[in-house]
Amino acid sequence: MTGKLPLLAALLLCACTSLPTRARHDLIGMGRADLIACAGVPDNREPLPDGEVLEWRQDQQVQGPLTIKTPLSLEVDIGGHGTCHMVARLRAGVVSQVEYTGPSATLSGPYAACRPLVLACERYARVH
């Protein structure tokens, strides 16, 4: 069983990272109304001649999964912290591109801080 624990932990960490990566592709073609219904009201909107750009901000620090605390109130965080901004470009009311910005790297991967922004939309895209 102890040989399987590291494998299970690696699979769980990959799942956190791969969800935002998958969402970059799965959200393409989603309509504006559906995107706002699953991601919430965007924090910023920039109109463009051929569409618009919507941005959602996850500015609260997402902490990595490994924090060590000792009895003398010494705390060491090995996982790192991250934030994420999800940026979606829409053309004719349909998502044409999804990108992430911000220092989003944690021990769980480079886009782990973006996971909360895309979780509901990724689930919606898989069902529809």
Side-chain angles (χ1 to χ4, degrees):
M1 179 69 179
T2 57
K4 293 181 182 181
L5 286 177
L7 178 62
L8 180 61
L11 288 174
L12 289 173
L13 289 176
C14 289
C16 291
T17 301
S18 66
L19 184 87
T21 303
R22 279 195 327 258
R24 282 177 130 169
H25 304 288
D26 292 349
L27 300 185
I28 303 298
M30 180 179 279
R32 185 182 196 279
D34 290 334
L35 180 64
I36 291 174
C38 66
V41 177
D43 296 300
N44 292 313
R45 177 185 176 272
E46 182 66 33
L48 300 173
D50 64 342
E52 65 182 324
V53 173
L54 304 178
E55 178 189 34
W56 290 264
R57 302 173 68 92
Q58 180 0 67
D59 288 329
Q60 182 177 354
Q61 290 283 324
V62 174
Q63 190 169 359
L66 187 55
T67 301
I68 300 169
K69 296 180 182 182
T70 66
L72 300 174
S73 298
L74 177 66
E75 187 173 323
V76 178
D77 176 31
I78 300 174
H81 298 273
T83 62
C84 182
H85 301 166
M86 179 175 80
V87 181
R89 181 183 180 112
L90 285 79
R91 289 190 176 133
V94 175
V95 176
S96 63
Q97 182 181 5
V98 175
E99 297 296 334
Y100 307 109
T101 64
S104 62
T106 68
L107 187 61
S108 298
Y111 298 123
C114 301
R115 188 175 193 278
L117 291 175
V118 297
L119 182 60
C121 289
E122 177 61 25
R123 287 180 181 160
Y124 179 85
R126 278 188 272 143
V127 173
H128 293 92

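Everything quoted here is computed from the prediction, not taken from an experiment.
- Checking side-chain atoms of Y100 against main-chain N and O of P20 turns up a donor-acceptor pair under 3.5 Å.
- Residues R89 and L48 meet the side-chain proximity criterion, which asks for heavy atoms closer than 4.5 Å.
- Remark: side-chain polar atoms of D43 are paired, donor with acceptor, to backbone N or O of R57 under 3.5 angstrom.
- Between C121 and M30, the closest heavy-atom pair is O-CE, 4.0 Å.
- When all heavy atoms of A88 and L35 are compared, the closest pair comes out as CB-CD2, 4.0 Å.
- Residue R24 comes nearest to I28 through the heavy atom pair O-CG1, 3.3 Å, listed as atom of the first residue, atom of the second, then distance.
- Under the 4.5 Å side-chain heavy-atom criterion for Ile, Leu, Val, Met, Phe, Trp and Tyr, L54 and V94 are members of distinct hydrophobic clusters.
- Cluster annotation: V53 and I36 are assigned to distinct hydrophobic clusters (Ile/Leu/Val/Met/Phe/Trp/Tyr, side-chain heavy-atom contacts under 4.5 Å, transitive).
- What you find for A23 and E122 is that their closest heavy atoms are CA-OE1, 3.3 Å.
- Heavy atoms only, all atoms of each residue included: Q58 and A113 are closest at CG-O, 3.6 Å.
- Under the 4.5 Å side-chain heavy-atom criterion for Ile, Leu, Val, Met, Phe, Trp and Tyr, L19 and V87 are members of distinct hydrophobic clusters.
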Stepwise side chain to side chain contact (heavy atoms under 4.5 Å, CB included) test for L117 and Y111: CA-CA 11 Å; L117 291 175; Y111 298 123; over 6 Å; no
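- Smallest separation of non-hydrogen atoms from V98 and L27: CG2-CB, 4.1 Å.
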